[in-house]
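Data first, discussion second: the structure below is written as structure tokens.
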Amino acid sequence: MLFQLIKKDKHCAARLGLITTSRGEIPTPIFMPVATHGAMKPLTPAQIEETGARIILSNTYHLHLQPGEGLVKKAGGLHKFMSWDKPILTDSGGFQVFSLPNKRITEDGVFFKHEVTGEEIYLDPASATRIQQDLGADIIMAFDECIPYPCDKAYAEQSTKKTIRWLKECRNAMTDNGQALFGIVQGSVYEDLRAMCAREMRKLDLPGYAIGGVSVGEGLELLKKVVGWTAPHLPENKPRYLMGVGLPEDILESVERGVDMFDCVIPTRYARSATLFTRRGKIRLTNKNYKRDFFPIDPSCDCYTCRHFTRAYLHHLFVANEVLSAILSALHNIHFYLTMMTEIREAIANDRFMEYKGAFLGEYLGNER
Ligand code: PRF
Ligand code: ZN
């Protein structure tokens with residue numbers, strides 16, 4: 001994996017870049033749709049491609065529990081198993097395991113119970129890395145502790161030091177087969193811990209770095225601060241990935257502060273509950289106002305859904321509980337996110353990111369406020 005920093009916007013820290021992998025190129029800033037179990041509820045890989053997705057995210061935790069990395073490896077790796085030949089990034093399980101109610105965290109790893117069988121399972125830096133190698137991901141995330149919010153400084157400090165130590169164990173567990181390991185900066189909402197963690201991790205000279213432990217209930221103002229404290233300490237010539245973020249406004253604020261990669265379940269999850277993104281804000285399609293609305297979801301959108309269907313038809317599909325409601329809505333929402341990312345890249349190329357952000361948010365939030 002290779003990252004080229006193409007240019008920086010003259011008026012903020014936004015960056016235009018290009019990631020090159022053996023499975024294709026990824027222009028940055030980029031949004032990665034989420035296929036947790038190796039499937040993007042409810043789209044086929046052909047439909048995912050049609051949204052313009054260049055890279056998707058999948059999860060170690062879920063695939064380890066079901067069907068198990070051994071089976072995926074036997075099937076020829078995750079790309080072949082799910083029939084997606086573009087890049088895949090896998091998250092390490094560090095986030096999923098730490099959000100479970102019954103877990104036991106030690107200095108070396110985490111014990112937890114299988115959701116269905118109740119069997120005790122253990123994950124640590126070495127096993128999380130090996131699982132991701134077996135899955136065959138192009139980008140592998142380090143096993144970290146995602147610190148909950150709020151968190152006192154003493155806990156945050158010892159946890160962050162452990163995550164740094166775990167990163168070294170992940171790197172030592174890597175065998176060379178062309179996969180790229182990204183470190184994950186933690187440090188909760190403490191500026192000095194974020195800086196310390198970033199400085200320690202960059203010494204390892206990894207192919208990329210993530211900012212973890214955000215979007216855990218701290219709110220947009222703190223998220224902006226944490227990104228602003230962390231990004232400047234990361235190497236300029238490596239991609240920066242903000243994990244699990246977020247809403248369009250979160251992404252715009254973070255691009256402005258120098259983030260290159262994002263992932264979030266929001267576009268697909270919202271699609272299933274009838275919430276669709278438009279340039280003028282979110283709309284809730286089950287609302288009876290849409291029963292006789294014969295306009296597309298977003299008249300300015302050129303996705304398959306908007307080219308062929310009306311709000312009234314989607315309203316009907318949701319009321320009738322048809323599977324097609326989720327498909328058409330997910331196609332539109334992911335297309336909405338990826339179109340925003342394309343426009344972000346064009347804006348940075350022309351040193352106009354701040355104008356773009358202002359215009360986008362003016363229109364988008366204007367109707368929600
Ligand atoms: N660590 C990992 N995955 C994550 C996070 C993290 O901190 C987050 C936090 N928003 C989302 N996904 N490994
Ligand atoms: Zn559309």
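In this chain, residues are counted from 1 in sequence order. Below, each value reflects all heavy atoms present in this structure, side chains not excepted, and no hydrogens, waters or symmetry copies. Whatever order the structure lists ligands and atoms in, that order sets their numbers, starting from 1.
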Worksheet item: For atom 9 (C) of ligand 1, what's the nearest protein heavy atom and its distance?
Response: V214 O, 3.3 Å

Worksheet item: Hey, does Q96 sit under 4.0 Å from ligand 1 if you only count heavy atoms?
Response: no

Discussion item. Side chain or backbone, does S215 bring an N or O within less than 3.5 Å of an N or O on ligand 1?
Written reply: no

Item to complete: Check M141 against ligand 1 and report side chain, backbone, both or neither, counting heavy atoms closer than 4.0 Å.
Response: neither

Discussion item. Is the terminal nitrogen or CZ of R104 (NZ for Lys, CZ for Arg) located under 6.0 angstrom from the six-membered ring centre of F111 and within 45° of that ring's axis?
Written reply: yes

Worksheet item: How about C301: does one of its N, O or S atoms come closer than 2.8 Å to the Zn ion (ligand 2)?
Response: yes

Worksheet entry | Side chain, backbone, both or neither: the part of I184 lying under 4.0 Å from ligand 1 by heavy atom | side chain

Worksheet item: Of all the atoms in ligand 1, which lie at a distance below 4.0 Å from a heavy atom belonging to G213?
Response: 6 (C), 7 (O), 9 (C)

Worksheet item: Regarding H335 and D302, is there a side-chain donor-to-acceptor distance under 3.5 Å anywhere?
Response: yes

Response to the item:
M243 heavy atoms within 4.0 Å reach ligand 1 at atoms 1 (N), 2 (C), 3 (N), 4 (C), 5 (C), 8 (C), 9 (C), 10 (N), 11 (C), 12 (N), 13 (N)

Discussion item. Salt bridge or not between K8 and E236? Use side-chain N to carboxylate O under 4.0 Å.
Written reply: yes

Item to complete: Among all protein heavy atoms, pick the one closest to atom 6 (C) of ligand 1 and tell me residue, atom and distance.
Response: D144 OD2, 3.6 Å

Worksheet, complete the sentence: The protein heavy atom nearest to atom 3 (N) of ligand 1 is D91 OD2, 2.6 Å

Worksheet entry | Enumerated ligand 1 atoms positioned under 4.0 Å from heavy atoms of S92 | 13 (N)

